[in-house]
Amino acid sequence: MKSVLAVCLSPTFQRMLVFPSFAENEVNRSTQVLEIASGKGINVSRVLNLLGRPCTNLIQLGGRRVPEFLDLCLQDGLDVVYLPVEADIRTCTTVINEKDHTSTELVEEARTVEENDSDRFFSLFLSLVDSYDAVVIAGTKAEGFSPDIYPRIVEEAKKRGKMVILDIKGQDLKDALEKSPTVIKPNLSEFTTTFLPDRAVSENEDSEDMKDEVERMLREIYRKYGTASIITRGKYDTWCFDGNEFSTVSNRVVLPVVNTIGCGDTLTASVTHALLEGMALKDAVQFGMDNAARKAAHLEQGL
């Protein structure tokens, strides 16, 4: 079976706190606490494993909690190759409000890595990439990594004939796009911040009025780079362009929402899996959206 190398340059411990209700400026007592190994790339590899798709995660780890992080990965059956660094692993926290059905993410930025860690990481990537059929890059990179680390990875993967899927944003996305990845998958808020800075859109905003403008941009991206695009819009339908057809893919699964954090990573993993199975992009996105909706009905990451 075709396999995936998932690159994550901002791993984290993910601590989830569940509250029956939550009030600011008050004492709130959680009824459940869960901690897992996470980061967008880690979440992608977790879902790929659940789909039966062989996947290795390539990350950097440092500090006294490395053994704990690796043990959490082992518990979830995750195959991890890591670059030892000095920077400690961060911790991010998700606050689940059961009464209002909300999940709030408290993000701790990744610790800064050393100047030579970019070349060390790239060398490790080169030693691995030939063994895989696809490369997924998900999430922002820690401070200290060189601006060209993502473009270098995309360029080398494409040279070797690998499918490359990017779930990144901002200048990192612009720079990596120059190397013609196979698919990009920002959400609309990230897309507008990156390419339409005068058109700020929140992740859960109904943005149907932007459809024609986004379609024009996706067609232009494909014309310039040969790159297909997936633009997610939270609870709203997803837009995608495969080089020929612009499609609107329905969010058709309605389930009780428990935790939406990680739904985008579930979609990324599911699309990667489906494309490696030979599905058309539109069908792969539908498969991903259905799995993401199922994930939202559960506290933990995965399916």
Requested in this report: Under the side chain to side chain contact (heavy atoms under 4.5 Å, CB included) rule, what do V249 and C240 come out as? Steps first, then yes or no, please.
Outcome: CA-CA 8 Å; V249 184; C240 63; 4.0 Å; yes

Report task. Dump the intermediate steps for side chain to side chain contact (heavy atoms under 4.5 Å, CB included) on M217 and F195, then the final yes or no. Result -> CA-CA 9 Å; M217 291 208 64; F195 297 105; 3.5 Å; yes

**Report entry** Working for side chain to side chain contact (heavy atoms under 4.5 Å, CB included), residues V135 and V7
**Finding:** CA-CA 7 Å; V135 174; V7 175; 4.2 Å; yes

Query - side chain to side chain contact (heavy atoms under 4.5 Å, CB included) between V85 and L61, worked out - result: CA-CA 6 Å; V85 296; L61 295 175; 5.7 Å; no

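E98 has its side chain out of reach of F19: every pair of non-hydrogen atoms, C-beta onward, lies at least 4.5 Å apart. L276 places a side-chain heavy atom less than 4.5 Å from the side chain of M163. Within the 4.5 Å cutoff, side-chain heavy atoms of Q60 are placed close to those of P11. Put simply, the side chain of M210 reaches to within 4.5 Å of the side chain of L196, judged on heavy atoms. Side chains of L188 and T232 form no contact here, defined as non-hydrogen atoms less than 4.5 Å apart. Counting heavy atoms from C-beta outward, Y82 and L70 have side chains that approach closer than 4.5 Å. Two residues are said to be in side-chain contact when any heavy atoms from C-beta on lie closer than 4.5 Å; H273 and L48 meet this criterion. For the pair I230/I184, no side-chain contact is recorded, criterion being any heavy-atom separation below 4.5 Å from C-beta on.
With respect to the salt-bridge test (charged N to carboxylate O, under 4.0 angstrom), the residues E114 and R120 do not qualify. Salt bridge R223/E220: present, at least one basic N to carboxylate O contact under 4.0 Å. At a threshold of 4.0 Å, the pair D130-R160 counts as salt-bridged, since one of the basic side-chain nitrogens sits closer than that to a carboxylate oxygen. A salt bridge is absent between E155 and R152; no separation between the charged side-chain nitrogens and carboxylate oxygens falls under 4.0 Å.
Considering CD of E190 and CG of L173, their distance stands at 9.0 Å, rounded to 0.5 Å. For the atom pair OG (S247) and CG (D237), the distance works out to 11.5 Å, reported to the nearest 0.5 Å. The CZ atom of R90 lies 13.0 Å from the CZ atom of R65; values are rounded to the nearest 0.5 Å. Interatomic distance, CD of Q14 versus CG of L72, reported as 12.0 Å (0.5 Å rounding). Put simply, OG1 on T112 and CD on E143 are 5.5 Å apart, with the number rounded to the nearest 0.5 Å. One finds the OG1 atom of T31 at 10.5 Å from the CD1 atom of I96 (value rounded to the nearest 0.5 Å).
Taking the ring axis of F246 as reference, the NZ or CZ atom of R219 does not stay both within 45° of it and closer than 6.0 Å to the ring centre.
Heavy atoms only, all atoms of each residue included: A284 and L275 are closest at CB-CD2, 3.9 Å. What you find for D242 and Y222 is that their closest heavy atoms are O-CE1, 3.9 Å. Across all non-hydrogen atoms, the minimal contact from A228 to L281 is CB-CD2, 4.0 Å. The heavy-atom pair separating P147 from K141 by the smallest distance is CA-CE, 4.2 Å. The shortest non-hydrogen separation linking F145 to D117 is CE2-O, 4.0 Å. When all heavy atoms are compared, the tightest approach of G41 to A6 is O-CB, 3.9 Å.
In this structure, K282 places its NZ atom where only 12 or fewer heavy-atom neighbours from other residues, nucleotides or ligands lie under 6.0 Å away. Counting non-hydrogen atoms of other residues, nucleotides and ligands closer than 6.0 Å to CD of E86 gives a total of 12 or fewer. Atom CD of Q75 is surrounded by more than 12 heavy atoms from other residues, nucleotides or ligands within 6.0 Å.
Using modelled atom types and a 3.5 Å distance limit, the side chains of Y225 and E178 yield a donor-acceptor pair. Using a 3.5 Å distance cut-off with no hydrogens or angles, the side chains of R46 and N49 do not pair a donor with an acceptor. Side-chain contact annotation: K211 with T248, donor-acceptor N/O pair under 3.5 Å present. In this model, a donor atom of one side chain and an acceptor atom of the other lie less than 3.5 Å apart for D167 and T268. A donor-acceptor pair shorter than 3.5 Å cannot be found between the side chains of T91 and E108.
The closest donor-acceptor contact from the side chain of Q286 to the backbone of S250 lies under 3.5 Å. Between the K162 side chain and the Y132 main chain, a donor and an acceptor come within less than 3.5 Å of each other. A donor-acceptor pair is defined here as one N or O able to donate and one able to accept, closer than 3.5 Å; no such pair exists between the side chain of D76 and the backbone of L78. Not a single donor-acceptor pair under 3.5 Å links the side chain of N57 to the backbone N or O of V80. N97 places no side-chain N or O within 3.5 Å of a backbone atom of S103 that could act as its donor or acceptor partner. Counting only distance, with no hydrogens or angles, the side chain of K174 and the backbone of T194 share a donor-acceptor pair below 3.5 Å. S270 contributes no side-chain N or O that, together with a main-chain N or O of F287, makes up a donor-acceptor pair within less than 3.5 Å. Under a 3.5 Å cut-off, the side chain of N291 and the backbone N or O of L267 do not form any donor-acceptor pair. The main-chain N or O of S146 is found under 3.5 Å from a side-chain atom of S118 such that the two form a donor-acceptor pair. Side-chain atoms of T12 do not come within 3.5 Å of backbone N or O of S38 as any donor-acceptor pair.
Taking hydrophobic clusters as Ile, Leu, Val, Met, Phe, Trp and Tyr residues chained together by side-chain heavy-atom distances below 4.5 Å, I89 does not share a cluster with L9. The hydrophobic cluster containing M16 does not contain F13, counting ILVMFWY residues as joined when their side-chain heavy atoms lie under 4.5 angstrom apart, directly or transitively. Hydrophobic clustering (side-chain heavy atoms under 4.5 Å, transitive across Ile, Leu, Val, Met, Phe, Trp, Tyr) keeps V66 apart from V81. Residues V154 and L5 share a single hydrophobic cluster, defined by chaining ILVMFWY side chains whose heavy atoms lie under 4.5 Å apart. Cluster annotation: V44 and F69 are assigned to distinct hydrophobic clusters (Ile/Leu/Val/Met/Phe/Trp/Tyr, side-chain heavy-atom contacts under 4.5 Å, transitive).
Note: F122 and F125 have parallel aromatic rings, judged against thresholds of 30 and 60 degrees for the angle between ring planes.
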